Amino acid sequence: MQLVVARIGRAHGIKGEVTVEVRTDEPELRLAPGAVLATEPASAGPLTIETGRVHSGRLLLRFEGVRDRNAAEALRNTLLIAEIDPEELPEGEDEYYDHQLIDLDVVTEDGEQVGRITEISHLPTQDLFVVERPDGSEVLVPFVGEIVTEIDLEEQRAVIAPPPGLIDDRAEIASARDTGDEA
């Protein structure tokens, strides 16, 4: 199975280094020197990582055979793809690869069917499940412990405890004006 682990950004310096937008929780494993990665577009690779370092909070990589700024700039926006065993699990407990979560059934804690996960949206602050409901509409469910209470890969389901208004229109509106206290 193939996973996108990074996207190449702009060239850095004149010796062939590039910035990368990391798309894996395990960059030390997937983007280590010696790693051979497929690319999208395929014509850009495969690429073998020669060196890697962090500079001003960004990961910089140099690939074998890429020796100057022009060659590095030609790789801009290329996706780096790692081949992984589909049975492999992330190192951390309660961590999952996207392919493990796609197509899970989503149910509430009381067993109400919500839908099926069709996509994982990775945002800077948190990840979101894109859940397709039986009627074809979509609902976004934040992938946080307070809402997603259980992931059961054997049963192929995600159990959620949605706050009012997340999956229905039962939102509670709290306002100081509704207290009945009048001055």
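On a predicted model such as this, the values are computed, not experimentally measured, just so you know.
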Student: Minimum heavy-atom separation for G16 to A72, with atom names?
Tutor: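 Minimum heavy-atom contact is O-CB, 3.7 Å.
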
Student: Do L60 and L29 sit in one hydrophobic cluster, given that two such residues count as connected whenever their side-chain heavy atoms are within less than 4.5 Å of each other, even indirectly?
Tutor: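 No, no single cluster joins them.
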
Student: Where do I117 and A158 come nearest, in terms of heavy atoms and distance?
Tutor: CD1-CB, 4.3 Å

Student: When hydrophobic residues are tied together by side-chain contacts of less than 4.5 Å, even through go-betweens, does Y96 share a cluster with I147?
Tutor: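 Yes; I147 is reachable from Y96 via cluster members.
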
Student: For residues V141 and I160, determine if any side-chain heavy atom of one lies less than 4.5 Å from a side-chain heavy atom of the other.
Tutor: yes

Student: Could you tell me the separation between the CD atom of Q2 and the CD atom of E83, rounded to the nearest 0.5 Å?
Tutor: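 The CD atom of E83 is 5.0 Å from CD of Q2, to the nearest 0.5 Å.
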
Student: With side chain to side chain donor-acceptor pair (under 3.5 Å) as the rule and sequence neighbours excluded, what pairs involving residues 61-70 come up?
Tutor: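 Side chain to side chain donor-acceptor pair (under 3.5 Å) check on residues 61-70 returns E50-R67.
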
Student: Between R133 (side chain only) and I167 (backbone N and O only), is there a donor and an acceptor less than 3.5 Å apart?
Tutor: yes

Student: Please report the closest heavy-atom contact between V148 and P142, naming both atoms and the distance.
Tutor: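 Shortest heavy-atom contact: CG2-O, 3.6 Å.
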
Student: Is V20 isolated, or which residues cluster with it under the ILVMFWY side-chain rule of less than 4.5 Å, directly or via members?
Tutor: V5, I8, V18, V22, L31, L37, L47, I49, V54, L59, L61, F63, V66, L75, L80

Student: Quick one: do I102 and I151 end up in the same hydrophobic cluster if we chain Ile, Leu, Val, Met, Phe, Trp and Tyr together by side-chain heavy atoms under 4.5 Å apart?
Tutor: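 Yes, I102 and I151 fall within the same hydrophobic cluster.
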
Student: Taking all atoms of both residues into account, what is the closest heavy-atom pair of E109 and A161, and its distance?
Tutor: OE1-CB, 3.4 Å

Student: Tracing side-chain links under 4.5 Å among I, L, V, M, F, W and Y, which residues wind up in one group with I14?
Tutor: none

Student: Let me see the working for N77 and R7 under side-chain contact (heavy atoms from CB on, under 4.5 Å), right down to the final yes or no.
Tutor: CA-CA 6 Å; N77 293 321; R7 183 182 65 81; 2.4 Å; yes

Student: Transitive ILVMFWY cluster of V107 at side-chain heavy atoms under 4.5 Å: who else is in it?
Tutor: V159

Student: Find the distance between CZ (R58) and CD (E21) and round it off to the nearest 0.5 Å.
Tutor: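 Taking CZ in R58 and CD in E21, the distance rounds to 7.5 Å.
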
Student: What is the minimum heavy-atom distance between T39 and A44, and which atoms define it?
Tutor: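 The answer is OG1-C, 3.6 Å.
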
Student: To the nearest 0.5 Å, how far apart are NE2 in H12 and CD in E73?
Tutor: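 Here the interatomic distance stands at 13.0 Å.
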
Student: Starting at CG of L140, measure out to CG of D127 and round the result to the nearest 0.5 Å.
Tutor: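 Here the rounded value is 12.5 Å.
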
Student: Run the salt-bridge test on R53 and E17 with the 4.0 Å N-O cut-off and return the result as yes or no.
Tutor: yes

Student: Which is it for R116 and D103 under the side-chain contact (heavy atoms from CB on, under 4.5 Å) test, yes or no, and what are the steps along the way?
Tutor: CA-CA 6 Å; R116 179 180 60 83; D103 287 331; 2.5 Å; yes

Student: Using side-chain heavy atoms (C-beta onward) and a distance below 4.5 Å, is P33 in contact with T51?
Tutor: no

Student: Identify, with sequence neighbours excluded, every residue that meets ring pair (Phe, Tyr, Trp, His ring centres under 6.0 Å) alongside F129.
Tutor: F143

Student: Using the side chain to side chain contact (heavy atoms under 4.5 Å, CB included) definition, which of the options E155, Q156, Q113 pairs with D105?
Tutor: Q113

Student: Checking R10 now: which residues fulfil salt bridge (Lys or Arg N to Asp or Glu O under 4.0 Å) with it, not counting sequence neighbours?
Tutor: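 For R10 there are no salt bridge (Lys or Arg N to Asp or Glu O under 4.0 Å) partners, ignoring immediate neighbours.
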
Student: Considering all heavy atoms of both residues, which atom of L166 and which atom of V139 are nearest to each other, and what is their separation?
Tutor: O-CG2, 3.2 Å

